[in-house]
Amino acid sequence: MIVCAGLLVGLLAGAVLSFAMPRSYTANTKLFVAIQNSGSVQELQQGNTFTQARVQSYVQTATTPIVLQPAIQALGLDTSPEELAEQMKVSSQLNTVLISIEVSDRSPVQAAAIAQAVGDSLIKAVETLEKPRTSGASPVSLSVVAPAVAPESPSTPNTKLNLILGLLAGLALGLGTALARGLLDTRIRGEADLQGITSAPLLGGIAFEQAAVKKPLITQIAHQSPRAESFRTLRTNLKFANVSFKEKSLVLTSSLPGEGKSTTAANLAIALAQAGQTVCLVDADLRRPMIAEYLGLDQTVGLTSALVGTVEVDDVIQRWGEDDLYVITSGQVPPNPSELLGSREMRELVDRLEATFDIVVVDAPPLLPVTDAAVLAEHVGGVVVVVGVGKIRQQALERSMEALNRVGATVLGMVLNRLPHKGPDAYSYTYDGRPDNTTDRVESRSKRREDFRVRSSASSASATYEDSYREHGRSFFEEPVRTPSTYPPRRAGDS
């Protein structure tokens, strides 16, 4: 794309240059230099050598005032010999006795007239200069062998040449820009960029869709859309990535804000619940919580309320949708998020949720701005890192992976978000495996299928909590957790 843009720029530059340059016409006349001698062959050879030696002097003489001033006067030109000399080019090929006079002017007729006048003036000047001081004729004579003719087409601008040069310059510019971008632009753009940073597997890729800004959840789009299929693929790959660890809780995080970790966590939890698992989605981003906004839930009470002992944990769990998806929103934003997330209460909360649900998905803050995600990584079974394509540089991702390695976190894999629909890094496919570059095609197909419909989020109410706060630091797991109707019962054999 960059090379093509460079070619286009070069072509346009050549065309503009040709259009902007003034038109100039070049007329040419040729003179033959001869020795007036009819002697022997030896004398003719000597005369030819003499003539060739004199020709170069005549070439220099053609641009002097002794030649140009008479031509100016004869044509009535409003110019000086010096200015006229700049319009001329006088030359002679080696080992010849021919003199070529070229004159350029904006008028083709004027160019031919000046060339002819200069040629006639040079003939007279040489005859005067070569005439012996004693009586007699000049031994050298010049004659016109190719009179000047008004040209039909301009000599400049050379549009064809300018376009070719523009294309070559544009090609060089495009290649140089592409090379510089490859060397200087270190943003993550695909799977190949991940391979040099981490050995963690790529669990999936989420294609960028402009509609996702207003409809971030997969329940708001067609069931067989490429975006929904991407999260089902992520669900399957995560199952195989976790087969060796058998972990039931995982943290989704990113390196920087804006890479799409919260939407990925919410949609992954929805996809897991759609597969028949009981899922608990925990919004542990206590700095910029987004889960409640995406799912349309109340976050007056939530994770922070349970951690400080204000309410019981089962009172902050909200059921969402028609599947077994349960959500713990962030609650009120605390002044000490890192301390709460790293506390013993948070570890006990994760343990209890693991014992109750099939899988626990935790949305954590980004790794680089704060340490919250690294602290949470010590409480869960694994970490999934969301990478925003084109938003994060390789150096930033390297620092994020180093932060996880320092705390001994188990990195289950990576998720590439905001992948393009086209190009080598495209990651969008329909359910039958054929690439699909437009969501309109998917939506029109889904409308023809009556059994597919968009699930809307079910409304749920959160429980109120006591007005007075209990003492901070009290463990809220001293007694067995209650099991209301909105909370999944514990299985036999769960610890």
Side-chain angles (χ1 to χ4, degrees), residues 203-209 211-223 225-239 249-254 257-299 302-303 316-331 353 357-366 372-373 376 380 382-388 412-419 454-460 462:
L203 299 177
I206 313 300
F208 174 75
E209 293 183 5
V213 178
K214 296 182 178 180
K215 298 180 179 180
L217 302 181
I218 58 176
T219 55
Q220 299 171 325
I221 57 179
H223 183 71
S225 65
R227 180 174 172 82
E229 188 64 31
S230 298
F231 285 102
R232 287 191 287 270
T233 302
L234 173 60
R235 176 189 66 195
T236 303
N237 293 340
L238 182 61
K239 176 181 178 181
S249 62
L250 59 92
V251 161
L252 268 80
T253 184
S254 61
E259 295 188 68
K261 63 173 184 60
S262 296
T263 55
T264 303
N267 286 315
L268 175 60
I270 293 173
L272 290 168
Q274 289 176 347
Q277 294 180 295
T278 56
V279 184
C280 183
L281 174 61
V282 181
D283 189 355
D285 190 344
L286 304 183
R287 301 175 187 269
R288 294 178 61 184
M290 297 297 297
I291 296 297
E293 179 179 345
Y294 289 146
L295 301 180
L297 298 176
D298 182 19
Q299 65 176 12
L303 179 62
V316 299
I317 296 178
Q318 306 178 58
R319 184 168 183 171
W320 188 89
E322 300 175 3
D323 300 304
D324 290 331
L325 175 58
Y326 300 84
V327 183
I328 299 179
T329 59
S330 63
L353 294 177
F357 295 92
D358 292 331
I359 188 168
V360 180
V361 179
V362 182
D363 177 28
D372 300 9
L376 275 172
V380 298
V383 178
V384 175
V385 181
V386 178
V387 179
L412 298 177
M414 318 293 288
V415 177
L416 286 175
N417 192 31
R418 300 175 64 88
L419 279 170
V454 179
R455 292 186 177 181
S456 59
S457 59
S459 59
S460 58
S462 62

Handout entry: pair D324-R319: side-chain heavy atoms closer than 4.5 Å
Key = yes
Problem - Taking every non-hydrogen atom, the tightest pair across L376 and A364 - result: CD1-CB, 3.7 Å
Problem - C280 and I328, any side-chain heavy atoms less than 4.5 Å apart - result: yes
Practice task
Return yes if some donor-acceptor pair links the side-chain N/O of D283 with the main-chain N/O of I291 below 3.5 Å, else return no.
Solution key: yes
Problem - Identified side-chain contact (heavy atoms from CB on, under 4.5 Å) counterpart of L272 within the set D358, L281, I359 - result: I359
Practice task
For Y326 and I317, work out which heavy atoms get closest and say how close.
Solution key: CB-CG2, 3.6 Å
Problem - Check: L234 and N267 side chains under 4.5 Å, non-hydrogen atoms - result: no
Exercise for the section: With the side chain counted from C-beta on, respond yes when V282 and L303 share a heavy-atom pair under 4.5 Å apart, and no when they do not. Expected result: yes
Problem - Full working for side-chain contact (heavy atoms from CB on, under 4.5 Å) between Q318 and T329 - result: CA-CA 8 Å; Q318 306 178 58; T329 59; 3.8 Å; yes
Handout entry: Minimum-distance pair of heavy atoms, taken over all atoms of K261 and V386
Key = CA-CG2, 4.0 Å
Completion exercise
In terms of heavy-atom contacts, R227 and P216 come closest through NH2-O, 3.2 Å
Practice task
With the side chain counted from C-beta on, respond yes when T253 and D285 share a heavy-atom pair under 4.5 Å apart, and no when they do not.
Solution key: no
Problem - Heavy-atom closest contact (A284 atom, P365 atom, distance) - result: O-CD, 3.6 Å
Exercise for the section: Could you walk me through whether L250 and V361 pass the side-chain contact (heavy atoms from CB on, under 4.5 Å) test, one step at a time? Expected result: CA-CA 5 Å; L250 59 92; V361 179; 4.3 Å; yes
Practice task
State, yes or no, whether a side-chain contact exists between L325 and I270 at a heavy-atom distance under 4.5 Å.
Solution key: yes
Problem - Side-chain donor/acceptor of W320 to backbone N/O of L295, under 3.5 Å - result: yes
Practice task
Could you give me the CA-CA distance, side-chain angles and deciding distance for S262 and D363, then say whether side chain to side chain donor-acceptor pair (under 3.5 Å) is met?
Solution key: CA-CA 6 Å; S262 296; D363 177 28; 2.8 Å; yes
Practice task
Check the pair I206 / T263 against side-chain contact (heavy atoms from CB on, under 4.5 Å), numbers first and verdict last.
Solution key: CA-CA 11 Å; I206 313 300; T263 55; over 6 Å; no
Problem - Rounded distance (nearest 0.5 Å) linking atom CD of Q274 with atom CD of E322 - result: 10.0 Å
Fill in the blank from the handout: In terms of heavy-atom contacts, S230 and A207 come closest through OG-N, 4.4 Å
Practice task
Give the C-alpha distance, both sets of side-chain angles, the deciding distance and a yes or no for side-chain contact (heavy atoms from CB on, under 4.5 Å) between R232 and H223.
Solution key: CA-CA 11 Å; R232 287 191 287 270; H223 183 71; 3.5 Å; yes
Practice task
Indicate yes or no: at least one non-hydrogen side-chain atom of V384 is less than 4.5 angstrom from one of T264.
Solution key: no
Practice task
Measure the spacing between CG of L353 and OG1 of T278 and express it to the nearest 0.5 Å.
Solution key: 11.0 Å
Practice task
For residues E259 and P366, determine if any side-chain heavy atom of one lies less than 4.5 Å from a side-chain heavy atom of the other.
Solution key: no
